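As the structure is a computational prediction, the values presented were derived from the model and not from experiment. Throughout, protein chains are lettered first and strands after them, A, B, ... in sequence-line order, and every chain is numbered starting at 1.
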Protein chains: 2
Amino acid sequence: MLNETAVAALEQTNAAEPEKRIRDRSATERAILKAAKNLLAEEGFQNFGINAVARRAGCDKQLIYRYYGGLDGLVDAIGTDLGNWVKDRIPEDTGGMFLLTYGDLMERLSLLFLQALRDDPLMRRIVAWEVSENTEQVKRLSEARSKALGQWLDRMRGSLTPPKGVDTAAVNALIFASIQHLVLAAAAGGQCAGLVLKNGKDWEKAAGALKRLVRGVYG
Amino acid sequence: MLNETAVAALEQTNAAEPEKRIRDRSATERAILKAAKNLLAEEGFQNFGINAVARRAGCDKQLIYRYYGGLDGLVDAIGTDLGNWVKDRIPEDTGGMFLLTYGDLMERLSLLFLQALRDDPLMRRIVAWEVSENTEQVKRLSEARSKALGQWLDRMRGSLTPPKGVDTAAVNALIFASIQHLVLAAAAGGQCAGLVLKNGKDWEKAAGALKRLVRGVYG
DNA sequence: ACTGGTACTCACCGATTGGTGACAGACCGG
DNA sequence: CCGGTCTGTCACCAATCGGTGAGTACCAGT
């Protein structure tokens, strides 16, 4: 539900934009896509609908049907846009460090992923969506990301091998799961399982614990 | 003598209303609460509303306003009902095992929590709700649970002490976070971070990885 | 300058939502 | 027997939802 300030801001935006809509299809398409992403990032998937997107984009919802084939197509467009998320957010260079062991690699990836997720409200909403609904839409949205993370790991791994007897697929899934839930819970309620996560110091502690967890299994 | 319309009305009443709603407030309240819990567990919080609850409870929504003061009060009622979740679901006896170290304790709690969450669709929905919305309602809902988990840990800990230099609050938060996200993602999409979680064998692997993670930090 | 097609807006649809006021019938104490 | 309270039902409200059909404004090619 929109609160008064959001409504006021919207009206203000409309009022501040008396200029006539230009007849530029690609520009309109971009405006719609941008509006959709902002709306999803700011309001979450609960109030994510045709009407709300059109309202924010400042155009008629009919155009969303025409250009994207409805909400489904629009979500798909967001998804393909997010295909490069890992590539854009998580650098492949070692940042001047020497990654000698698989543990080094996973520690680095974990901390980078933690930071990237903290910094991206849109991705957070998508992950929350992912665990709340089971539509084909959402599945496709997140599949690309987990695949991309796996590919990142593959590329960076090189000749590094994990310790013997460790089920890396399962352990890494747990590590990524912990990061995602921690960030989501913190973004939603400021804490996770009783651990307050608000200022930078809180996050330093969390990052330290994450390091310990990773180093515990991978050395 | 009854005229035709009266007979028809009578038959209609009998046919369309096989059982008359009894005038029992507490029974109705229980029916509403049960309907709300089932609805939330089965459909999730997206379609959780006054109308849907009333429909499922088979009564008028007005009664929900009267008896619970609206959806908010109803959610609160669900919350207090869930106050004993940890107590009911996670046994305090050691199950015949000797818990000699803090690691033993955390391993046991982790596996129990994993199983309990897998078995409880209502709690899963609540956790998903928790990371998707930030209302006071939802916050109160989950606060009780994390508090209860902490208390369980306190009671069971006894004289066991964690390894030196480990930030138990942060590490445990990450462990619980990993469990919650793993179970939620699995329930929603059948996998988590590329790890398929469908049959029992998949879950055994996950449980094994969880053990390793816990043992890695706590020994 | 006409014309065809593109970009866009508008009005309307049925359904559903949260919410409220009025009313009917059962029960109980006086 | 009567009046009041409690339980439950119903009708209605404004708002919003997703979705569609029809019409308008504009621009480009000839």
Side-chain angles (χ1 to χ4, degrees), chain A residues 1-4 6-8 10-11 13-14 17-36 39-40 43-76 133 135-137, chain B residues 6 9-10 12-36 39-40 43-76 133 135-138:
Chain A
M1 188 180 289
L2 291 173
N3 55 28
E4 299 85 351
V7 172
L10 190 65
E11 284 168 352
T13 316
N14 286 341
E17 218 170 350
E19 50 196 77
K20 258 204 173 144
R21 172 153 294 281
I22 37 172
R23 292 170 64 81
D24 182 341
R25 169 159 179 168
S26 74
T28 304
E29 285 178 357
R30 271 180 280 120
I32 292 173
L33 187 57
K34 184 179 171 187
L39 180 68
L40 186 54
E43 307 279 338
F45 58 93
Q46 350 254 8
N47 303 104
F48 186 75
I50 285 277
N51 291 301
V53 172
R55 215 175 301 140
R56 179 173 282 236
C59 73
D60 197 275
K61 58 181 168 181
Q62 179 78 12
L63 298 183
I64 300 176
Y65 287 105
R66 272 220 262 284
Y67 298 156
Y68 290 96
L71 251 196
D72 292 355
L74 187 52
V75 172
D76 276 346
E133 234 173 24
T135 60
E136 272 308 311
Q137 281 306 324
Chain B
L10 188 64
Q12 203 175 20
T13 316
N14 286 340
E17 217 169 350
E19 41 182 306
K20 261 215 167 129
R21 174 152 289 279
I22 39 172
R23 292 170 62 82
D24 182 341
R25 168 159 180 167
S26 74
T28 303
E29 284 179 356
R30 271 180 280 122
I32 291 173
L33 187 58
K34 185 179 171 187
L39 181 68
L40 185 55
E43 306 281 337
F45 59 94
Q46 348 257 5
N47 303 105
F48 186 73
I50 284 277
N51 291 302
V53 172
R55 213 166 7 216
R56 181 173 279 239
C59 72
D60 198 276
K61 57 181 168 182
Q62 178 78 18
L63 298 184
I64 299 177
Y65 286 105
R66 271 221 266 281
Y67 298 155
Y68 289 97
L71 253 196
D72 291 356
L74 188 50
V75 171
D76 275 345
E133 236 173 23
T135 59
E136 272 308 311
Q137 280 307 323
V138 182

| said: Quick check against the 3.5 Å criterion: does Tyr68(B) have a side-chain atom that pairs as donor or acceptor with the backbone of Val75(B)? | reply: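 Pair absent, no side-chain N/O of Tyr68(B) close to backbone of Val75(B).
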Q) Do Tyr67(A) side-chain atoms and Leu74(A) backbone N/O form a donor-acceptor pair below 3.5 Å? A)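 Looks like no, no N/O pair under 3.5 Å.
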Q | Arg23(A) and Thr28(A), any side-chain heavy atoms less than 4.5 Å apart | A | no
Self-check item: Side-chain heavy-atom pair Leu71(B), Ile64(B) within 4.5 angstrom cut-off
Solution: no
Euclidean distance, atom [atom1] of residue [X] to atom [atom2] of [N] [Å, nearest integer]:
| X | N | atom1 | atom2 | result |
| --- | --- | --- | --- | --- |
| Glu43(B) | dT17(C) | CD | P | 12 Å |
| Asp24(A) | dC27(D) | CG | C1' | 13 Å |
| Asn47(A) | dA15(D) | CG | P | 18 Å |
| Lys61(A) | dC12(C) | NZ | P | 14 Å |
| Gln46(A) | dT17(C) | CD | P | 16 Å |
| Asp60(B) | dA22(C) | CG | P | 16 Å |
| Leu74(B) | dG19(C) | CG | C1' | 16 Å |
| Tyr68(B) | dG8(D) | OH | C1' | 16 Å |

Exercise. Could you tell me whether Ile50(A) contacts a base, only the sugar-phosphate backbone, or nothing, with contacts defined as non-hydrogen atoms closer than 4.0 Å?
Key: sugar-phosphate
Side-chain N or O of [X] closer than 4.0 Å to phosphate OP1/OP2 of [N]:
| X | N | answer |
| --- | --- | --- |
| Thr28(A) | dA7(C) | no |
| Tyr65(A) | dT20(D) | no |
| Asn51(A) | dG18(D) | yes |
| Arg66(A) | dT9(C) | no |

| field | Base dT6(C) paired with Arg23(A) side chain (donor-acceptor, <3.5 Å) | value | yes
Nearest-nucleotide check on DNA chain D, Phe48(A) vs Gly58(B); residue mapping nearer the 5' end is Gly58(B)
Rounding to 0.5 Å, atoms CG (Asn51(A)) and CZ (Arg56(A)) come to a distance of 14.0 Å
- Can you tell which of dG21(D), dT9(D), dC17(D) lies closest to the side chain of Gln62(A)?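 The answer is dG21(D).
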